[in-house]
S.K.: 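The following block contains the structure, expressed as structure tokens.
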Amino acid sequence: MAQQPLNQTWDLDVFFPGGSSSPEFKRFLDALTEDVAAFGQRLEAAGVPGTAADLDGWMPLLDTFQDLTQRIRQAGAFVSCLTAQDMADEGAKLLQGRVAQIRAALGNATTLLDHQLSAMPEEVFAALEARPECEAIAYPLRERRLRAAMRMDPQRESLAGDLAVDGYHAWGQLYGELVARVQIPWEAGGRTVHLSAGQAANKLLDPDRAVRVRLWERWEKAWAEQADLIGAALNHLAGFRIQLYKHRGWDSILSEPLENNRMKAETLEVMWDVIDRNKGIFVEFLSRKARLLGLDKLAWHDVDAPLGGADTKMTYDEAAEFVVEHFGRFSPDMARFARKAFEERWIEAEDRPGKRPGGFCTSFPLTRQSRIFMTFGGNLDNVSTLAHELGHAYHQSVMNDLPQLAQGYAMNVAETASTFAELLVSDAALKAAGSDEERLVLLAGKAERAVAFFMNIHARFLFETRFYAERAKGLVPVARLNELMVQAQKEAYRDALSEYHPHFWASKLHFYSTGQPFYNFPYTFGFLFSSGVYARALEEGPAFAQRYVDLLRDTGRMRVEDLAAKHLGVDLTKPDFWQAAVDVSVADVRQFLALTENR
Ligand SMILES: [Zn+2]
């Protein structure tokens with residue numbers, strides 16, 4: 001790596017100099033606003049192509065659409081970087097609003113474009129697909145056509161969309177407002193403070209169990225106090241969804257989330273099935289952790305509680321070196337990419353006040369660069385985050401030369417490259433660990449992640465499936481929601497816990513997402529899909545690196561079953577792949593159990 005220390009702040013001037021008061025960026029948004037409006041008018045004027053000959057005039061609209069999409073992505077990436085690096089930047093907030101407006105205008109034009117794709121006669125569409133310039137986007141175009149056809153006619157869809165603003169989406173937003181009211185009294189330093197839900201959630205990870213126990217009671221109580229209103233929001237949001245699906249003729253509550261994630265119902269069933277059959281060892285992990293904490297069984301709030309032990313620290317430069325080195329053992333290309341990101345200031349890692357919490361990776365398609373946001377404090381979690389976000393950036397980099405329409409990957413494969421990169425680095429950290437204490441902490445972290453994907457998210461899935469079935473028959477009262485939740489948790493955790501979280505349906509934002517229905521199983525799919533790919537990389541070594549890139553490049557233009565068949569030679573509707581994937585986590589738990597046998 002470079003001789004002098006790495007710069008820990010990112011370079012945004014290369015995109016638009018001057019931050020939130022950049023005149024270039026203002027001009028960029030002005031031009032984009034005009035071009036989006038003009039695009040809508042051109043689409044309306046063009047109408048649905050009725051013959052193959054009409055396509056000559058219609059095709060340029062597709063190019064314009066892709067160009068506008070890249071430009072709005074560029075703008076969106078820039079403002080999300082600005083708002084994250086300085087939460088007090090008022091100018092950035094105004095820009096964010098402007099970008100949202102342009103995005104909504106482009107969204108309306110997109111609905112019209114999709115309608116034209118679905119309304120053109122099949123022989124015209126076939127002629128479109130057969131054009132050489134459409135080769136790389138044939139699948140995404142066919143998919144847009146099919147998805148539009150699965151909906152109601154454009155007039156009724158547009159009515160439903162308009163009503164959803166103050167109906168469906170409004171219930172989701174109301175949830176946000178109800179959560180903001182949650183206040184949990186807490187005595188600290190001789191006075192009582194009121195913790196927000198977010199603050200309390202962090203405090204529930206306190207190493208002192210007495211703190212967790214005391215807070216837990218208040219946590220449940222705070223949600224119980226808001227449960228009538230939150231329960232109403234959940235019931236109405238779900239009712240809206242059920243009605244809409246009925247009018248679209250969709251018979252299953254899973255139709256939309258499965259279609260969004262380009263996967264089959266069988267795949268989902270087999271995945272949960274394999275997880276179910278492997279739960280025994282994770283129950284053992286939970287009971288071992290209970291013993292280490294001096295308990296008979298863990299309560300809900302103990303599952304992710306820290307075990308204590310050694311805390312390894314690294315400087316930012318050491319972390320960079322570590323990540324590059326271990327990427328390089330699998331793929332020199334990935335290592336080169338990461339080195340470039342560190343040296344060319346693609347990463348904002350400085351530990352300073354005023355930054356947004358958390359981490360993300362965002363891409364600037366016009367410049368073909370990404371930016372990573374995080375706050376580096378020197379612990380191993382931070383090193384994992386660096387690897388994770390660099391994985392996202394690498395995924396984007398191998399897709400950069402594809403047409404925009406072929407770059408859209410779904411949520412369930414979005415974490416493939418990030419989780420993969422994280423696994424490369426966390427396994428390396430495990431091997432490099434200097435003591436059993438360190439190894440124990442790292443292994444527990446890995447096992448807890450697996451428990452979250454296999455048990456916690458499983459509980460959410462079971463709850464949601466059952467709740468929607470009951471909701472189709474009528475409103476579901478709060479007491480019943482609690483009951484359904486505890487039932488799902490007991491089942492998903494195999495009765496391994498001493499205490500559950502009845503109001504989890506109220507405290508978990510994901511049940512209220514209108515953008516992503518069933519915002520749960522795609523996480524588990526993503527984790528396991530990536531683990532399965534990783535298992536293959538361990539088997540085949542660096543020889544797999546090019547095939548890995550080929551797989552990533554296809555994530556935006558294939559169904560997941562086809563993706564896995566083409567690049568891994570496996571059938572996702574059969575258990576084998578999933579078993580190999582679960583085995584990656586099982587191996588971690590076995591190591592943990594061996595290490596703690598006599599403690
Ligand atoms: Zn991620």
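Note that ligands are numbered from 1 as they come in the structure, with each ligand's atoms numbered from 1 the same way.
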S.K.: The Zn ion (ligand 1): which protein N, O or S atoms are under 2.8 Å away?
M.R.: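 Near the Zn ion (ligand 1), the protein supplies His388 NE2, His392 NE2, Glu415 OE1, Glu415 OE2.
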S.K.: What pairs with Asp554 under side-chain hydrogen bond (donor to acceptor under 3.5 Å, both in side chains), at least two apart in sequence or on another chain?
M.R.: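 Testing Asp554 for side-chain hydrogen bond (donor to acceptor under 3.5 Å, both in side chains), a comparison that skips the adjacent residues, returns Arg557, Lys566, His567.
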S.K.: So His510 and Tyr523, would you call those rings parallel, tilted or perpendicular, with 30° and 60° as cut-offs?
M.R.: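 Correct class here is tilted.
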S.K.: Go through the side-chain N and O atoms of Ser331 and Asp333 and say whether any donor and acceptor fall under 3.5 Å apart.
M.R.: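 No pair is found: no donor N or O on one side chain lies under 3.5 Å from an acceptor on the other.
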S.K.: Taking the cut-offs as 6.0 angstrom to the six-membered ring centre and 45 degrees off its axis, would you call Lys355 and Phe373 a cation-pi pair?
M.R.: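 So Lys355 does make the cation-pi contact.
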S.K.: List the steps, then state whether side chain to side chain donor-acceptor pair (under 3.5 Å) holds for Thr9 with Asn7.
M.R.: CA-CA 6 Å; Thr9 61; Asn7 190 322; 2.8 Å; yes
S.K.: List the steps, then state whether salt bridge (charged side-chain N to carboxylate O under 4.0 Å, His left out) holds for Asp302 with Arg212.
M.R.: CA-CA 8 Å; Asp302 294 318; Arg212 296 199 302 273; 2.7 Å; yes
